[in-house]
Amino acid sequence: MVKLKTSGEIEAMKEAGRVSAKVLRMVGELVRPGISTLDLDRFAEEIIRMEGGIPAFKGYGGFPGSICASVNHQVVHGIPSAGVILREGDIISIDTGAIVDGWYGDNAWTYAVGAIDPRTQELLTVTEKSLFAGIEQAVSGNRLGDIGHAIQRIAEASGFGVVREYVGHGIGRNMHEDPNVPNYGHKGRGIKLETGLVIAIEPMINQGTHMVRQLNDGWTVVTLDELPSAHFEKTVAITEDGPLILTAE
Ligand code: MG
């Protein structure tokens with residue numbers, strides 16, 4: 001069931017969005033060779049709590065971290081670890097979420113660790129671009145498929161693979177609400193987008209095959225061909241004035 005939000009509720013969600021965005025930016029600023037993903041996680045939890053939030057991911061379905069830290073061919077849901085040390089040439093998707101006053105914010109960004117392979121840099125550029133193309137379609141009167149179509153078109157035009165098994169989602173009092181928001185689809189198909197719908201749009205785009213598998217840890221999703229994957233996400237409200245990014249400072 002899709003739960004539309006009032007303008008007052010959307011206003012209230014801005015604080016969870018602000019904290020989620022601030023922690024993502026600050027953790028991103030720490031990304032460099034030599035730092036472990038557990039160090040990034042500890043820092044993130046500290047910032048979220050200092051800002052008056054609760055880490056949304058910690059304990060979610062038993063997830064141990066406050067962030068998801070997915071390096072190179074890891075797509076999403078990487079578990080922060082002292083044993084994962086970033087190296088020059090890596091990429092890392094960091095996903096952060098905060099709860100404030102019972103409302104959720106959720107966002108992600110993929111960072112380069114120093115200089116990276118040019119094709120992988122293209123993957124980051126194109127995935128970011130696809131996110132904003134998807135957001136542009138998040139307007140009242142459009143259909144859900146318009147968002148996925150816009151993302152898929154951009155990713156596939158550059159020869160990249162769109163992950164199918166993991167998708168964006170509605171968000172509000174829960175981190176995952178209806179509807180699912182796929183990063184692929186057909187123009188004009190799917191449910192009608194209405195004012196008050198709040199969704200996390202999050203393209204997960206692979207440098208090679210779109211196919212993924214989950215590791216035995218029960219969380220980490222990796223590409224089948226072990227080529228890199230990028231992930232960018234924002235929480236977006238559909239308002240009378242168009243798409244409003246809630247995960248903003
Ligand atoms: Mg999400």
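Small disclaimer: the values here were computed from a predicted structure and weren't measured. Heads up: numbering here begins at 1 and tracks the sequence. Ligands are counted one by one from 1 in listed order, and the atoms in each one are counted from 1 as well. Below, all heavy atoms of this structure are taken into account, side chains as well, without hydrogens, waters or symmetry copies.
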Check your understanding: Which value, rounded to the nearest 0.5 Å, describes the distance between His149 atom NE2 and Asn142 atom CG?
Key -> 11.5 Å
**Study point:** Opening angle at the Mg ion (ligand 1) [OD2, Asp106; OE2, Glu202; to 10 degrees]
**Key:** 170°
Check your understanding: Are the side chain of Thr37 and the backbone of Ser81 linked by a donor-acceptor contact shorter than 3.5 Å?
Key -> yes
Review point. Tell me, which N, O or S atom in Glu233 is closest to the Mg ion (ligand 1)?
Key: OE2
Check your understanding: N/O/S atom of His176 under 2.8 Å from the Mg ion (ligand 1), yes or no?
Key -> no
Check your understanding: Can you find a heavy atom in the side chain of Ser7 that is under 4.5 Å from one in the side chain of Thr239?
Key -> no
Review point. Heavy-atom distance under 4.5 Å between the side chains of Arg213 and Leu215, does that happen here?
Key: yes
